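Taking it in order: structure first as structure tokens, then the write-up.
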Amino acid sequence: MAIHIDETNQVFHLQTDHTSYVFQVLAHGVLGQLYYGKQIHVRPSYANLARRELKNSMPAYDLTEPDFQLDAIKQEYAATGTGDFRRPAYQVTQADGSRLTDFRYDHYEVVQGKQRLTGLPSTFDDTDDGAETLIVHLTDDLTQLDLELNYTVFPHQDVIVRSANFKNHGVTSVTLNAALSAQVDLPDDRYDLVQFSGSWSRERHMIRTPLRSGIQLIDSVRGSSSPQQNPFMMLARPDTTEDAGGVFGFNLVYSGNFLDQVEVDQYATSRVLVGINPADFGWHLRPGATFQTPECVLSYTTDGFNQLSQQLADFYAQHLVNANFAKRERPILVNNWEATYFDFDDQKLLGIAKKAKDLGIEMFVLDDGWFGHRDDDHTSLGDWVTDPHKLPKGIGHFADQVHDLGLQFGLWFEPEMLSLDSQMYRTHPEWLLHTPQRRATPGRNQFVLDFSRQIVVDNLFEQMSKVIDETHLDYIKWDMNRYMTEVFSTGLPVDQQLEVSHRYILGVYQLYERLTSRYPDVLFESCASGGGRFDLGMMYYAPQAWTSDDTDAIERLKIQLGTSYGYPQSMMGAHVSAVPNEQTGRITSLATRANVAYFGAFGYELDITKMPEEEAEIVKEQVAFYKQHRSLYQFGKLYRIDSLFEGDGNVMSWMVVDDKQDHAIACRYQLLSRPNAPYLRQYFKGLDPDKQYRINGGDATYYGDELMNAGLFLTKVFDETAAVKQLADFSSQRFVIDAVE
Ligand code: DGJ
């Protein structure tokens with residue numbers, strides 16, 4: 001049993017295998033948070049944790065209880081305007097302009113398992129993995145609003161999923177100006193905030209800073225979860241390392257404007273709020289209507305960052321990713337974007353596809369430029385019909401030719417966008433997201449379609465279905481190359497304009513839902529100018545995401561390393577591209593480029609027809625090597641060893657280990673070489689201490705405990721080229737580790 005309830009004291013204790021989350025009904029039906037952390041015993045009451053001591057100069061709840069002061073109470077889902085001056089979890093504006101509510105505990109329900117949400121990506125428990133759901137009902141008599149707080153406990157992955165649901169049982173409409181998914185009030189502030197921030201081409205670099213008094217927040221107002229900030233955030237004790245120490249993880253199953261906020265108050269408590277960004281948000285809740293927030297994933301461990309990443313990866317594989325693909329090995333692909341950009345015809349593409357087949361690659365992906373008359377990025381978005389100049393016999397015929405080669409076929413779409421030079425815009429100018437009589441702001445020479453309109457979603461579903469049917473597609477790369485501006489829908493009334501950003505994302509989810517339902521075997525890879533929408537909302541539909549437009553191996557190390565804290569390697573699209581690299585001009589070896597990209601859903605993104613024969617031979621070997629170890633790379637347990645975010649940032653290493661601890665692959669990357677360098681040892685993790693292992697097929701054997709604790713002295717003995725590579729800039733050393741039979 002995961003949910004323990006003491007009826008007398010009205011205490012709710014949610015237990016996972018290693019954590020406890022406890023809250024209680026306090027006076028006046030207020031929900032007070034008592035504890036979240038390492039598992040503790042179930043007891044009838046934890047009254048000692050419910051703080052009630054008179055604090056000077058603070059409002060009391062009423063005259064009879066001067067020591068019941070909301071500002072000093074840790075709460076589950078706090079209101080605004082009635083004495084708690086910290087930021088609230090929600091705000092309801094009523095017909096008379098009031099923003100006050102008085103939600104009181106009413107009753108609870110416990111249901112086995114976890115239902116999916118309708119219209120939003122969500123967690124599930126299709127495999128009866130022991131999930132239990134607690135629904136706590138609160139009511140506000142004056143407005144006749146009901147508030148449901150939902151908690152699903154996933155015991156074996158130490159995860160609790162929270163969301164809120166508002167129902168209007170009254171006779172007048174209200175507006176939700178904030179409706180967050182989760183609030184956690186922690187009793188102290190001795191935490192580091194760990195965030196994953198950056199920009200286009202520099203996504204998800206890890207930043208760790210101690211909490212300080214006041215509000216610190218990470219958010220997006222760009223309409224997508226964004227490359228600037230990622231919704232995944234951790235709070236770690238200052239001494240937490242990869243291998244030890246307490247750390248909370250929070251992530252939102254959502255792809256639009258989000259807020260992750262921590263407020264450290266005057267008593268050094270830390271209020272965590274996660275949900276849809278209240279900035280520029282308002283939801284008109286009519287009588288009889290409900291509003292469901294996205295879900296927030298909460299997880300905790302005392303065993304450091306690496307354990308948190310592993311339990312989250314396990315959780316997503318079992319309870320979030322499209323089950324059809326969660327454990328399905330991903331094909332090795334070649335994508336033509338960096339090889340041709342817009343400049344191609346069917347012969348050029350077929351040349352790449354044929355060469356790909358020779359090299360053992362499994363899928364050919366045709367990127368941007370195959371439709372309308374798209375010779376550059378000014379045109380044709382919205383018109384998903386073949387460009388007859390590039391593919392004279394149509395996209396269906398081209399797909400047949402690729403399939404006939406024995407390759408899978410994938411295709412690029414950017415469904416949410418519109419070019420002014422398009423048939424769609426000429427026919428439906430009102431479908432553009434814009435504010436009447438105001439300028440519409442272009443981004444990458446394109447505009448955003450109003451996905452809050454059902455007719456737009458229907459149109460894209462029809463257009464895309466036609467192409468999928470015609471091509472028998474195996475894969476779709478769903479791109480999204482600009483942020484949202486002029487967020488206004490001419491299809492919605494005045495009082496619903498603050499709903500547009502959220503309705504837009506609901507439209508995107510609806511299209512994903514319909515396509516993935518109709519075409520369950522099509523693999524989706526999400527993309528937003530690279531890693532600009534790398535989030536759990538996308539992960540639910542698209543098991544892969546293009547990690548970054550930056551394909552430089554060295555830059556990719558930080559991007560993939562940062563991403564690995566909150567997302568599994570199977571989600572990270574990772575390709576070998578040409579040198580000098582398009583984004584950085586850097587030259588790295590083919591070996592290093594592959595050694596970086598192997599730790600993801602692997603592929604190539606360069607003109608393989610122009611490669612010298614010796615390089616093509618190397619690619620052939622790389623493809624064969626990856627096929628042999630693909631399952632380990634994509635689904636093995638990931639252990640981070642040396643980090644570029646720590647120390648002098650010159651060396652990184654990590655490894656993947658299979659469930660039985662029989663096979664592992666580690667890789668060490670050196671950025672710049674140093675003369676007369678200290679001796680090097682490589683330490684490993686995750687091996688069985690009592691098993692003996694061979695490295696790279698060598699004769700010597702080593703116990704797991706030796707490799708993990710004493711390490712391996714790095715000399716040139718691993719292979720004849722290692723010494724050279726070890727000394728060079730941007731070198732990488734790979735260790736294939738196999739248990740001795
Ligand atoms: C941005 C993506 O990240 C690239 O991989 C490529 O698909 C281009 N868009 C095409 O326009």
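It should be emphasised that the depicted structure is a prediction, and the values quoted were computed from it without experimental measurement.
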Apply side-chain hydrogen bond (donor to acceptor under 3.5 Å, both in side chains) to the pair Asp219 and Asn277, showing each step before the final yes or no.
CA-CA 7 Å; Asp219 76 343; Asn277 200 337; 2.9 Å; yes
After noting the C-alpha distance and the side-chain angles of Tyr598 and Phe602, does the key distance pass the ring-ring contact (aromatic ring centres under 6.0 Å, His included) rule?
CA-CA 6 Å; Tyr598 284 153; Phe602 183 65; 5.0 Å; yes
Output, in order, the C-alpha distance, side-chain angles, deciding distance and verdict of side-chain hydrogen bond (donor to acceptor under 3.5 Å, both in side chains) for Asn257 and His502.
CA-CA 8 Å; Asn257 294 339; His502 183 55; over 6 Å; no
For Asp368 and Lys477, run salt bridge (charged side-chain N to carboxylate O under 4.0 Å, His left out): C-alpha distance rounded to whole Å, both residues' side-chain angles, the deciding distance at 0.1 Å, then the answer.
CA-CA 10 Å; Asp368 194 355; Lys477 179 174 172 186; over 6 Å; no
Checking Phe735 against Phe684 for the ring-ring contact (aromatic ring centres under 6.0 Å, His included) test, could you report, in this order, the C-alpha distance in whole Å, the side-chain angles of both residues, the deciding distance, and whether it holds?
CA-CA 10 Å; Phe735 308 87; Phe684 300 90; 5.4 Å; yes
Where do His663 and Asp658 land on the side-chain hydrogen bond (donor to acceptor under 3.5 Å, both in side chains) test, with the steps shown first?
CA-CA 6 Å; His663 303 290; Asp658 75 344; 4.6 Å; no
Report the C-alpha distance between Tyr512 and Phe524 in whole Å, list the side-chain angles of each, state the deciding distance to 0.1 Å, and finish with yes or no for ring-ring contact (aromatic ring centres under 6.0 Å, His included).
CA-CA 9 Å; Tyr512 259 116; Phe524 283 76; 5.6 Å; yes
Could you please spell out the steps behind the salt bridge (charged side-chain N to carboxylate O under 4.0 Å, His left out) verdict for Glu362 and Arg330?
CA-CA 10 Å; Glu362 297 156 321; Arg330 311 292 160 68; over 6 Å; no
Going through the distances and angles, do Val297 and Val159 end up as a side-chain contact (heavy atoms from CB on, under 4.5 Å)?
CA-CA 7 Å; Val297 174; Val159 163; 3.8 Å; yes
Could you go step by step and tell me if Phe291 and Phe166 meet the ring-ring contact (aromatic ring centres under 6.0 Å, His included) rule?
CA-CA 5 Å; Phe291 181 79; Phe166 289 85; 7.4 Å; no
Pair Gln228, Ser199 - check side-chain hydrogen bond (donor to acceptor under 3.5 Å, both in side chains), show working.
CA-CA 5 Å; Gln228 284 76 13; Ser199 180; 4.6 Å; no
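Phe413 and Trp370 have perpendicular rings, their planes meeting at more than 60° on a 0 to 90° scale where under 30° would count as parallel. Aromatic ring pairs are classed by plane angle as parallel below 30°, tilted from 30° to 60° and perpendicular above 60°; the pair Phe364 and Phe409 is parallel.
Annotation: cation-pi pair Arg640/Tyr565 present, NZ/CZ under 6.0 Å from the ring centroid and within 45° of its normal. Relative to the six-membered ring of Tyr669, Arg734 misses at least one condition, a distance below 6.0 Å or an angle of at most 45° to the axis. Both tests hold for Arg556 against Trp546: distance to the six-membered ring centre under 6.0 Å, angle to the ring axis within 45°. Seen from the ring of Tyr626, Arg630 does not count as a face-on cation partner, given the 6.0 Å and 45° thresholds. Both cation-pi conditions hold for Arg204 and Phe534: the charged atom is under 6.0 angstrom from the six-membered ring centre and inside a 45 degree cone around its axis.
A heavy-atom distance below 4.5 Å is not found between the side chains of Val656 and Gln634. Between Tyr316 and Leu536 the shortest side-chain heavy-atom distance falls below 4.5 Å. Residues Glu416 and Val508 are in side-chain contact: their nearest non-hydrogen atoms beyond the backbone lie under 4.5 Å apart. A heavy-atom distance below 4.5 Å is not found between the side chains of Tyr475 and Trp412.
Under a 3.5 Å cut-off, the side chain of Glu470 and the backbone N or O of Ala399 do not form any donor-acceptor pair. With Ser224 contributing its side chain and Gly256 its backbone, the two residues share no donor-acceptor pair below 3.5 Å. Listed for the Gln569 side chain is no donor-acceptor partner under 3.5 Å among the backbone atoms of Phe599. Although no hydrogens or angles enter the test, the distance criterion places a donor-acceptor pair under 3.5 Å between the side chain of Glu132 and the main chain of Ile3. Judged by distance alone, the side chain of Gln39 and the main-chain N or O of Thr16 form a donor-acceptor pair under 3.5 Å. Under the 3.5 Å distance criterion, the side-chain polar atoms of Asn306 are left unmatched by any main-chain donor or acceptor of Glu242. Gln408 places no side-chain N or O within donor-acceptor distance of the main-chain N or O of Pro331, the cut-off being under 3.5 Å. Ser181 places a side-chain N or O within 3.5 Å of a backbone atom of Pro294 that can act as its donor or acceptor partner. Panel note: side chain Gln15, backbone Pro155; no donor-acceptor pair is recorded below 3.5 Å. The closest donor-acceptor contact from the side chain of Asp125 to the backbone of Gly113 lies at 3.5 Å or more, if one exists at all.
Look at Lys114 and Asp126 and you find no salt bridge, because none of the NZ, NE, NH1 or NH2 atoms lies under 4.0 Å from a carboxylate O. Looking at Glu295 and Arg116, no side-chain N of the basic residue comes within less than 4.0 Å of a carboxylate O on the acidic one, giving no salt bridge. Salt bridge status for Glu76 with Arg162: present, with a side-chain N to carboxylate O gap under 4.0 Å. The residues Asp550 and Arg202 are annotated as not salt-bridged, no charged nitrogen and carboxylate oxygen being separated by less than 4.0 angstrom. With respect to the salt-bridge test (charged N to carboxylate O, under 4.0 angstrom), the residues Asp521 and Arg328 qualify.
Centroid-to-centroid, the aromatic rings of Tyr36 and Phe248 come within less than 6.0 Å. Taking the six-membered ring wherever Trp is involved, the centroid distance between the rings of Phe315 and Phe154 falls below 6.0 Å.
Counting non-hydrogen atoms of neighbouring residues, nucleotides and ligands closer than 6.0 angstrom, the CD atom of Glu109 exceeds 12 such neighbours. For NZ of Lys38, the number of neighbouring non-hydrogen atoms (other residues, nucleotides, ligands) closer than 6.0 Å is 12 at most. When the shell of 6.0 Å around NZ of Lys685 is examined, it contains more than 12 heavy atoms from other residues, nucleotides or ligands.
Between the CE atom in Met234 and the CG atom in Leu193 there is a gap of 9.5 Å [rounded to 0.5 Å]. The CD atom of Gln157 lies 13.0 Å from the OG1 atom of Thr301; values are rounded to the nearest 0.5 Å. For the atom pair CH2 (Trp337) and SG (Cys527), the distance works out to 10.5 Å, reported to the nearest 0.5 Å.
Checked options Thr547, Asn251, Asp535; the residue passing with Tyr567 is Asn251 (criterion: side chain to side chain donor-acceptor pair (under 3.5 Å)). When each of Leu252, Leu273, Ile276 is paired with Leu180, the side-chain contact (heavy atoms from CB on, under 4.5 Å) condition holds for Leu273 and for no other.
No hydrogens or angles considered: a donor-acceptor pair under 3.5 Å links the side chains of Asn481 and Ser529. Ser548 and Glu203 share a side-chain donor-acceptor pair at under 3.5 Å. Judged by distance alone, the side chains of Ser570 and Gln544 never bring a donor and an acceptor atom under 3.5 Å apart.
Here the closest heavy-atom approach between residue Ala664 and residue Val657 is recorded as CB-CG2, 4.0 Å. What you find for Leu460 and Leu449 is that their closest heavy atoms are CD2-CD1, 3.8 Å.
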